Each structure stands twice: as C-alpha cells, then as structure tokens.
Amino acid sequence: EVQLVESGGGLVQAGGSLRLSCAASGFTFDDYHIGWFRQAPGKEREGVSCISTRDGRTYYVDSVKGRFTISSDSAKNMVYLQMNSLKPEDTAVYYCARGTIVAETTETFELYGLDHWGKGTLVTVSS
C-alpha cells in the first residue's frame, strides 16, 4: 500500500523555522518526484517545492526561494522541507504527494501524475 505521511508541523513565530518530513512507503522511491504543497484557509492549493529523488534536482515556487530547502534521503525513503524565515502567509496545511513528471515554469513548477497524497500537517506562523 502506497503511503505518504507528513510530520513536523506546528506553531512558530514569524522569523522562526520548522522542518517538515514526508515518510514514503509502498513504492519504489526513486521512480517518483515528491512534491510539497500547501493550502491556506480560503485559498487554492499551491505547489511549494518538489524534488526529483533520482537525481536530486529541486524546484521551488518563487515565494519560498531562499527560505525553504527541500531534500531527500533515498536510504530512508524520506523527503524533508526545511522552512526558515517563516512568515504569517506561510500558514497552511502542508501536504506531500508523489508525481511522475515535473516541469519548471516561470514562477513555480508543475507536478503531473499526482496519485497519492498524505493527510497533511498544519503549519501556523504567528506575527
């Protein structure tokens, strides 16, 4: 059974840091790209970052570049999102998902073939 389980969310003050983790199981890790997405109340879901687990190439939405870092550990089937200099507008439920094709766009990325998602972890940034 394919599973993606997020952890690491919480409440943090603006300017603080959090590290999210995504534990993957039930599939060949390096066959997929893993993305982080977020959805704030009343807003559409947006892609935050993505990593190609096979070659380590990374993608970010412009709003988090320089503040967030995505990484993966193929030995542990884990993907991490280190979030620094957090802002209140980063408040959202963060999800990880797997996809098969990733493409870079002008301001963000597109991850296609999304077929499994985690249940999410809440990040709240207070001002």
Side-chain angles (χ1 to χ4, degrees):
E1 179 188 6
V2 174
Q3 285 193 320
L4 295 162
V5 180
E6 304 93 340
S7 61
L11 173 64
V12 64
Q13 288 189 331
S17 298
L18 282 175
R19 189 176 84 150
L20 304 184
S21 299
C22 174
S25 62
F27 63 97
T28 302
F29 189 71
D30 288 349
D31 284 350
Y32 292 85
H33 310 288
I34 305 295
W36 283 99
F37 297 80
R38 66 186 179 187
Q39 187 164 22
K43 294 188 176 181
E44 292 187 354
R45 185 180 63 206
E46 69 167 345
V48 176
S49 185
C50 179
I51 188 165
S52 297
T53 55
R54 187 176 295 273
D55 62 12
R57 185 172 178 181
T58 58
Y59 306 81
Y60 299 93
V61 65
D62 276 359
S63 61
V64 307
K65 284 180 180 176
R67 300 190 297 123
F68 291 11
T69 303
I70 192 170
S71 61
S72 66
D73 184 338
S74 293
K76 297 181 179 179
N77 285 6
M78 296 290 294
V79 175
Y80 306 99
L81 186 68
Q82 178 66 44
M83 306 186 297
N84 299 329
S85 302
L86 282 161
K87 304 175 181 180
E89 51 263 44
D90 295 318
T91 295
V93 178
Y94 284 71
Y95 303 88
C96 63
R98 74 172 193 178
T100 54
I101 298 173
V102 61
E104 194 166 31
T105 66
T106 303
E107 296 180 349
T108 184
F109 62 92
E110 293 290 341
L111 184 56
Y112 302 97
L114 291 161
D115 62 354
H116 281 87
W117 294 77
K119 294 183 178 180
T121 186
L122 177 63
V123 172
T124 303
V125 184
S126 63
S127 57

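Remember, predicted model here, so these are calculated numbers, not experimental data.
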E6 vs L20, side chain to side chain contact (heavy atoms under 4.5 Å, CB included): CA-CA, chis, key distance, verdict: CA-CA 7 Å; E6 304 93 340; L20 304 184; over 6 Å; no

Flag the pair [X] / [Y] as yes when at least one side-chain heavy-atom distance between them is below 4.5 Å, and no otherwise.
X    : Y    : result
E110 : T105 : yes
I70  : Y60  : yes
W36  : C96  : yes
L86  : L18  : yes
C22  : Y95  : no

Write down the atom of [X], the atom of [Y], and the distance for their closest heavy-atom approach.
X    : Y    : value
S127 : A14  : CA-CB, 4.4 Å
F109 : C50  : CE1-CB, 3.6 Å
Q82  : S17  : NE2-CB, 3.9 Å
L81  : S49  : CD1-CB, 4.0 Å
S52  : V102 : OG-CG1, 3.9 Å
L4   : A24  : CD2-CB, 3.7 Å

Parallel, tilted or perpendicular: rings of W117 and F37 (30°, 60°):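 Tilted, since the angle between the ring planes falls between 30° and 60°.
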
Polar side-chain atom of Q13 near backbone of S126 as donor-acceptor pair, under 3.5 Å: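 No; zero donor-acceptor contacts below 3.5 Å.
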
Side-chain donor or acceptor of T121 paired with backbone N/O of G9 under 3.5 Å: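 Such a contact is found between T121 side chain and G9 backbone.
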
Cluster overlap [X] with [Y], hydrophobic side-chain contacts below 4.5 Å:
X   : Y    : result
Y32 : V2   : yes
V64 : V123 : yes
Y59 : F68  : no
V93 : I34  : no

Carboxylate-amine/guanidinium contact [X] [Y], below 4.0 Å:
X   : Y    : value
K87 : D90  : no
D31 : R98  : no
R38 : E46  : yes
R57 : E104 : yes

Sequence neighbours left out, cut at 3.5 Å: what donor-acceptor pairs do the side chains of residues 72-79 make with other protein atoms?
unit_1	atom_1	unit_2	atom_2	d
D73	OD1	A75	N	3.0
D73	OD1	K76	N	3.3
S74	OG	D30	OD1	3.0

Trace of the side chain to side chain contact (heavy atoms under 4.5 Å, CB included) decision for Y94 with M83: CA-CA 12 Å; Y94 284 71; M83 306 186 297; 3.9 Å; yes

To the nearest 0.5 angstrom, please state how far the [atom1] atom of [X] sits from the [atom2] atom of [Y].
X    : Y    : atom1 : atom2 : value
L111 : T100 : CG    : OG1   : 7.5 Å
L114 : H33  : CG    : NE2   : 10.5 Å
Q39  : L122 : CD    : CG    : 12.0 Å

Worked verdict on V12 versus T124 for side chain to side chain contact (heavy atoms under 4.5 Å, CB included): CA-CA 6 Å; V12 64; T124 303; over 6 Å; no

Heavy atoms from other residues, nucleotides or ligands near NZ of K119 exceed 12 (cutoff 6.0 Å):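 No, because the 6.0 Å sphere around NZ of K119 holds 12 heavy atoms or fewer from other groups.
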
